[in-house]
Amino acid sequence: MVKMDLIIGTVGGKAILTHPFRSCGIILVYQWNANISQIGIYHFYSQNKALGDVTFYQLFSALLDNNSSAFSNPLAIELNKNGKRRTNGFYWTPASSNHKTSIEGAHMTLRKILP
């Protein structure tokens with residue numbers, strides 16, 4: 001399961017989408033020039049296209065998000081353009097940062113590095 005979260009700079013401004021892979025200690029960080037609700041759809045479409053279906057599913061078979069704006073249309077993320085399931089989306093409890101301590105720690109570090 002891969003966690004997903006969004007760091008919002010300013011409303012309508014740039015945003016950063018993160019995926020920490022806890023099993024190997026890597027966090028993938030993607031900058032988006034605009035914080036729009038379609039970020040998750042665009043992001044996973046481009047990842048799926050770049051990686052191919054098999055590798056994409058191996059890496060992103062399950063996503064855990066906090067129901068952020070990046071995950072506002074879960075079916076568009078979970079299904080490819082042909083309607084075939086490419087991932088399974090799950091949500092943690094809203095306003096419960098203790099459910100995602102690893103990602104929140106990474107975000108604190110990123111906010112220090114990237115003003």
Side-chain angles (χ1 to χ4, degrees):
M1 178 158 318
V2 176
K3 295 179 182 178
M4 178 174 84
D5 206 3
L6 195 61
I7 302 173
I8 300 171
T10 58
V11 176
K14 293 184 179 185
I16 296 174
L17 186 66
T18 60
H19 295 295
F21 286 84
R22 196 171 183 181
S23 61
C24 58
I26 294 174
I27 183 169
L28 300 179
V29 178
Y30 302 89
Q31 180 181 338
W32 289 87
N33 288 325
N35 174 27
I36 57 172
S37 62
Q38 302 297 315
I39 287 174
I41 297 166
Y42 296 142
H43 173 72
F44 287 106
Y45 172 76
S46 65
Q47 292 299 313
N48 193 180
K49 186 176 177 181
L51 297 169
D53 291 339
V54 173
T55 303
F56 180 88
Y57 190 78
Q58 288 173 337
L59 293 173
F60 297 104
S61 61
L63 295 171
L64 181 62
D65 186 66
N66 65 346
N67 202 14
S68 67
S69 61
F71 213 65
S72 63
N73 187 349
L75 284 180
I77 292 172
E78 293 179 20
L79 306 178
N80 68 16
K81 289 191 173 196
N82 299 323
K84 182 180 174 190
R85 182 160 300 279
R86 64 175 163 197
T87 188
N88 297 286
F90 300 94
Y91 301 103
W92 53 68
T93 308
S96 298
S97 59
N98 61 323
H99 290 188
K100 54 179 186 165
T101 54
S102 62
I103 202 166
E104 289 298 329
H107 286 179
M108 286 175 49
T109 303
L110 283 172
R111 284 187 178 104
K112 290 177 185 175
I113 298 169
L114 307 170

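All values derive from a computational prediction rather than experimental measurement.
By the 4.5 Å side-chain criterion applied to Ile, Leu, Val, Met, Phe, Trp and Tyr, Y57 is assigned to no cluster and stands alone.
Taking all atoms of both residues into account, the shortest heavy-atom contact from L59 to L51 is CD1-CD1, 3.9 Å. The two residues E78 and R85 make their nearest non-hydrogen contact at OE1-NH1, 2.6 Å. A pairwise comparison of heavy atoms in I39 and A15 identifies CD1-CB, 4.2 Å as the closest pair. The minimum heavy-atom distance linking R86 with I77 is given by the pair NE-O, 2.8 Å.
In this structure, N82 contributes its side chain and K84 its backbone to no donor-acceptor pair below 3.5 Å. Side chain of S46 to backbone of H43: a donor-acceptor contact under 3.5 angstrom is found. For the pair D53 (side chain) and N48 (backbone), a donor-acceptor distance under 3.5 Å is absent.
With sequence neighbours excluded, the residues satisfying ring pair (Phe, Tyr, Trp, His ring centres under 6.0 Å) with F56 are F60.
Note that the CD1 atom of I16 and the CG atom of D5 stand 11.5 Å from one another [nearest 0.5 Å]. Between the CG atom of L17 and the CD atom of Q31 there is a distance of 11.5 Å, given to the nearest 0.5 Å. To the nearest 0.5 angstrom, K49 atom NZ is 13.5 Å from N80 atom CG. Atoms CG and NE2, from D65 and H19 in turn, are 9.5 Å apart once rounded to the nearest 0.5 Å.
Under a hydrophobic-cluster definition in which Ile, Leu, Val, Met, Phe, Trp and Tyr are linked whenever side-chain heavy atoms come within less than 4.5 Å, directly or via other members, L75 and Y91 are assigned to different clusters. In the hydrophobic clustering of ILVMFWY residues, with side-chain heavy atoms under 4.5 Å counting as a link, Y42 and Y30 come out together. If you chain together hydrophobic residues whose side chains sit under 4.5 Å apart, L63 and I26 fall into the same group. Cluster annotation: L28 and Y45 are assigned to distinct hydrophobic clusters (Ile/Leu/Val/Met/Phe/Trp/Tyr, side-chain heavy-atom contacts under 4.5 Å, transitive).
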